[in-house]
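See structure below.
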Amino acid sequence: LACAPHSQMASATDSRYGQKESSDQNFDYMFKILIIGNSSVGKTSFLFRYADDSFTPAFVSTVGIDFKVKTIYRNDKRIKLQIWDTAGQERYRTITTAYYRGAMGFILMYDITNEESFNAVQDWSTQIKTYSWDNAQVLLVGNKCDMEDERVVSSERGRQLADHLGFEFFEASAKDNINVKQTFERLVDVICEKMSESLDTADPAVTGAKQGPQLTDQQAPPHQDCAC
Amino acid sequence: MAADSEPESEVFELTDFTTASEWERFISRVEEILNDWKLIGNSLGKPLEKGIFTSGTWEEKSDEIFFADFKFSVTHHYLVQESTDKEGKDEVLEDVLPQSMQDLLCMNNDFPPRAHCLVRWYGLREFVVLAPAANSDAVLSESKCNLLLSSVSIALGNTGCQVPLFAQIHHKWRRMYVGECQGPGVRTDFEMVHLRKVPNQYTHLSGLLDIFKSKIGCPLTPLPAVSIAIRLTYVLQDWQQYFWPQQPPDIDALVGGEVGGLEFGKLPFGACEDPISELHLATTWPHLTEGIIVDNDVYSDLDPLQAPHWSVRVRKADNPQCLLGDFVTEFFKVCRRKESTDEILGRSTFEEEGREIADITHALSKLTEPAPVPIHKLSVSNMVHTAKKKIKKHRGVEESPLNNDVLNTILLFLFPDAASEKPLDGTSSMDNNPLSESEEYNLYNQFKSAPSDSLTYKLALCLCMINFYHGGLKGVAHLWQEFVLEMRFRWENDFLIPGLASGAPDLRCCLLHQKLQMLNCCIERKKARDEKRKTSISDNVTNTYPGDAGRPGDQLGPDNLKDMDKEKGEVGKSWDSWSDSEEEFFECLSDTEEFKGNGQESGKKGGLKEMANLKPEGRLNQHGKLTLLHNGEPLYIPVTQEPAPMTEDLLEEQSEVLAKLGTSAEGAHLRARMQSACLLSDMESFKAANPGCCLEDFVRWYSPRDYIEEEVIDEKGNTVLKGELSARMKIPSNMWVEAWETAKPVPARRQRRLFDDTREAEKVLHYLAMQKPADLARHLLPCVIHAAVLKVKEEESLENNSSVKKIIKQIISHSSKVLHFPNPEDKKLEEIIHQITNVEALIARARSLKAKFGTEKCEQEEEKEDLERFVSCLLVQPEVLVVGAGRGHAGRIIHKLFVNAQRAAAMAPPEEELKRMGSAEERRQNSVSDFPPPAGRELILRTTVPRPAPYSRALPQRMYSVLTKEDFRLAGAFSSDTSFF
């Protein structure tokens with residue numbers, strides 16, 4: 001399995017990883033995604049809900065970094081998602097940030113019932129900017145939206161912060177399976193868009209100002225190592 | 001010209017189309033295509049605007065057809081025009097001449113700077129060409145030519161197409177075309193003469209006028225006036241008076257760090273030859289009437305200085321040799337070399353052998369020498385040369401690819417701390433860099449290279465320079481060897497490597513840079529350890545340090561690695577025997593297993609005694625107001641071990657290992673276990689700092705959200721805070737609980753190192769030593785490209801040319817895409833280098849032109865601006881009009897350039913002079929002008945006369961002629977009335 005932290009996009013045809021991967025599994029692209037956020041905001045539950053469609057009220061607090069795999073179809077392409085789940089504790093920051101550079105997408109998560117986890121979002125975002133690759137896509141997710149009674153962070157604040165940081169925003173619940181699939185699929189779409197965009201535009205220096213997602217039917221990115 | 005009556009009659013004999021001949025099929029195919037392309041009938045466009053042939057867009061459509069098995073291509077060339085509202089026009093204008101016939105007389109686009117030759121010759125905006133499809137094919141025999149022309153004629157007649165249709169005959173390079181244009185009751189024949197040798201009477205206006213008139217055969221007297229356009233083109237090749245300022249740097253001159261004006265760490269720039277090879281001056285008389293001027297065998301009024309229009313174009317040298325481009329290209333070539341360092345230097349494993357020899361001598365000295373107390377008194381300036389001597393010893397001075405001066409200069413440039421006696425605090429200078437926020441400085445992030453003030457970047461530039469000037473591949477291999485030795489030396493002697501940002505490897509940089517940073521991390525830790533050890537030794541003078549016995553100070557050459565290792569082993573053992581007096585361990589995170597045993601021992605001890613009775617150790621500071629749950633003591637944050645720094649390849653390796661465990665629950669558990677070292681270490685530190693603590697205490701510090709506090713009202717009715725571990729921490733035998741149970745109270749300093757700096761340093765050093773020059777070049781190519789882009793940017797800033805700016809931006813974005821991949825394709829890399837070379841040539845051209853036109857010398861601000869604009873236009877436009885012709889500012893400069901060149905030519909050897917004076921034409925020119933004989937004479941003659949009979953319709957007639965040194969061409973378009981003749 002390839003998870004070269006420095007290869008920004010290891011597509012199946014990448015000369016370096018291609019063989020290893022294709023003998024392993026059948027897919028056209030592999031996206032590496034990282035879930036980050038404060039400790040006990042529900043990162044692991046979120047991932048288990050998406051990858052295994054299961055929920056347990058208590059998962060062992062993640063030590064270091066863990067991962068799951070899910071393959072999805074997008075525009076007739078098999079996309080293998082390698083989703084890395086990280087420990088949220090402060091002490092693990094240096095270990096986990098080392099993995100940022102290889103990620104093409106981030107799910108930055110906070111807990112709507114926990115103010116502190118929301119306040120930390122700005123910090124996490126700075127970490128992404130510092131350690132990740134320029135084109136990495138980020139989605140902000142407010143988890144545990146099933147616990148309306150204990151909510152301390154309004155959707156509005158979440159949305160505002162997301163706008164401010166330039167991320168897309170979802171409120172979700174791993175427990176009630178709300179917006180989990182949608183979150184991942186949206187992230188995949190955003191990555192695909194970015195990918196085809198940078199393939200299409202001959203000169204992103206000129207058109208780079210173009211912001212915001214346009215939901216075009218993405219052309220399947222060609223079978224080269226795309227510059228995304 | 002066409003004898004079309006004969007074949008035509010044949011056609012009429014055939015009625016059975018099922019047996020149609022090849023020829024008929026061919027014609028009908030042509031007709032089909034003309035129909036398909038909707039070229040039927042007359043669609044009049046707007047009159048041609050001035051210059052539209054150049055400013056407008058030309059397009060073409062192609063198809064292929066066969067005459068028997070001979071393939072022709074049919075191509076429609078046309079100027080893209082704004083859709084004229086055809087509907088508004090009366091379509092049925094019977095008498096209107098075809099567009100092309102009208103265009104024959106239009107004078108707005110004579111001598112277009114860039115156009116299809118038929119456009120230049122006939123002034124057409126639209127035409128169809130029928131030509132052999134293969135470049136080597138040609139229609140040669142006269143009968144075939146006639147057959148082809150007949151086909152053209154028939155197809156046009158059958159379809160009513162009014163677009164001129166040409167057939168290309170003879171060899172392609174001759175550009176011979178015959179053609180026809182048909183309109184209602186009118187026809188234009190396009191004829192051509194192409195000769196190597198020009199008959200004397202055609203070299204001047206009066207002779208050509210005679211041909212034109214005789215060709216028209218106009219029966220009227222007096223003949224309607226003929227309008228004349230003339231262009232004479234002069235070529236200036238001799239720039240001698242302007243020495244091209246850039247000389248290739250002198251390789252041999254090496255003066256104190258400068259190589260022919262080039263310092264190490266800088267890149268050269270510019271073209272070695274003049275990137276502008278020729279200047280073409282076209283002097284044009286756009287509108288003359290017969291009789292106004294005289295131009296004949298013996299006399300000419302055509303003085304270029306008096307021409308009303310001047311325009312200039314420049315010819316650029318093809319691929320001028322450009323220094324920067326060459327530099328980068330040559331370096332790139334190293335990437336493809338297969339040889340290893342040893343193969344190149346022709347001497348195998350100097351390192352190994354050297355070490356062996358040292359081993360023996362060392363072993364002996366151990367026996368004989370007294371044991372001195374080690375003092376780190378060595379200055380870096382010595383050590384740079386130690387490494388070098390080592391190689392020399394084994395290879396012999398004469399074999400060294402790099403001479404000493406060069407090598408010393410480079411090493412001093414790379415390791416400036418070697419110049420001062422006391423080593424700099426290597427890293428500090430990098431941290432507060434004022435540039436660090438600038439876009440340019442951060443380019444390394446995009447290119448995955450290294451910061452422009454880093455050692456890696458400097459090394460790349462030095463290798464680039466050496467590859468080019470000092471011994472090529474051998475020099476590269478030699479310097480790399482030196483570099484690796486230096487790295488080892490620094491590791492062994494606790495000298496930090498300068499020019500690297502401190503801290504963990506920066507994953508945004510190239511791998512080599514990360515490796516060097518990694519080595520620095522190791523050195524830093526080792527240094528800290530060694531320093532602590534030294535203090536402890538001097539504190540305990542009575543305790544002679546057994547590990548130092550027989551150690552010949554620290555003047556160890558880099559080859560003595562094995563000894564060092566061996567000694568370290570000894571050191572470890574000896575320390576082990578001291579393990580009772582624990583205060584001696586004082587922050588020494590040594591690398592040996594013994595320490596772990598040590599820790600476990602004390603852990604066992606702790607287990608026997610009451611935990612709380614242990615002396616607290618390794619406290620960092622108090623954690624707020626928190627107290628331990630069991631005994632109420634303040635909760636202390638322990639000193640912990642820093643996690644191991646990682647380079648991207650290690651990280652990749654590790655995550656690969658983690659990923660291999662798969663996604664099953666067991667895999668996940670194993671993964672967590674593998675990563676638990678850090679957790680365990682922290683727990684042990686915590687236990688040591690907080691005797692009597694419990695997991696809850698640890699969690700409150702480490703993962704506060706996993707300790708849940710609730711206000712409860714106890715039986716007495718008081719509100720009390722009751723806390724407990726979160727549900728997930730209470731999962732039986734989970735990772736955290738397990739680790740907590742295993743953890744012994746051991747302070748960080750006595751734990752086994754999480755980061756084995758000795759091992760990692762050796763790994764890095766080995767990695768470095770294994771790199772072939774090609775590997776090295778691949779590692780450093782991003783740095784070289786980065787440097788080249790910065791250089792081009794710097795040079796551009798002097799020119800301030802907006803188009804160059806744009807290209808540079810494109811190069812940056814392109815490079816950052818390509819270089820982000822682990823193994824960029826060679827083709828893509830070449831492309832980047834090519835782009836950089838092009839920009840360099842562009843800037844060099846701009847400079848060359850500026851120098852030639854003396855824009856700097858221009859005093860009047862306004863004139864200077866005009867001149868600068870003129871010069872920059874020359875670079876981008878095919879042809880630039882000289883305002884004021886020969887009397888304008890630019891015109892006077894051009895005139896002077898020619899005069900100077902003429903003067904220089906006058907001093908040329910006599911035999912050349914004789915050749916020069918060869919033709920009458922040239923004699924005539926030479927006597928009157930400051931200009932050389934024209935390289936090209938072009939004439940366009942136009943008139944409107946009735947043809948063939950006096951009562952026929954008056955129709956456009958045109959003849960173009962061009963005379964150059966190599967050939968002579970007449971291209972005539974003669975129209976005749978086909979109804980009244």
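What you see is a predicted model; the values in this text were computed from it and never measured. We name chains A, B, ... by the order of the sequence lines, and we start the count at 1 in each one.
Side chains of A:Thr44 and A:Asp85: a donor-acceptor N/O pair is present below 3.5 angstrom, by distance only. No side-chain donor from either of B:Asp682 and B:Ser685 sits under 3.5 Å from a side-chain acceptor of the other.
A cation-pi contact, defined as under 6.0 Å to the ring centre and within 45° of the axis, links A:Lys70 to A:Tyr50.
Interface remark: B:Asn445 contributes backbone and side-chain atoms alike to the contact with chain A (heavy atom separation under 4.5 Å). Neither the backbone nor the side chain of A:Tyr131 has a heavy atom closer than 4.5 Å to any heavy atom of chain B. Only the side chain of B:Ile731 comes within less than 4.5 Å of a heavy atom of chain A; its backbone N, CA, C and O stay farther away.
Contact tally against chain B (heavy-atom pairs below 4.5 Å) for A:Asn38, A:Val63, A:Thr94: the top residue is A:Val63. Note on B:Met729, B:Met646, B:Arg508: by heavy-atom pairs under 4.5 Å with chain A, the leading option is B:Arg508. Listed options A:Gln89, A:Arg91, A:Glu116, A:Lys68 were ranked by heavy-atom pairs under 4.5 angstrom with chain B; first place goes to A:Arg91. Among A:Asn114, A:Thr56, A:Asp52, the residue with the largest count of heavy-atom pairs under 4.5 Å with chain B is A:Asn114.
Counting only distance, with no hydrogens or angles, the side chain of B:Lys687 and the backbone of B:Trp740 share a donor-acceptor pair below 3.5 Å.
Residues A:Phe48 and A:Phe55 place their aromatic rings such that the two centres sit no closer than 6.0 Å. In this structure, the ring of A:Phe184 has its center no less than 6.0 angstrom from the ring center of A:Phe31.
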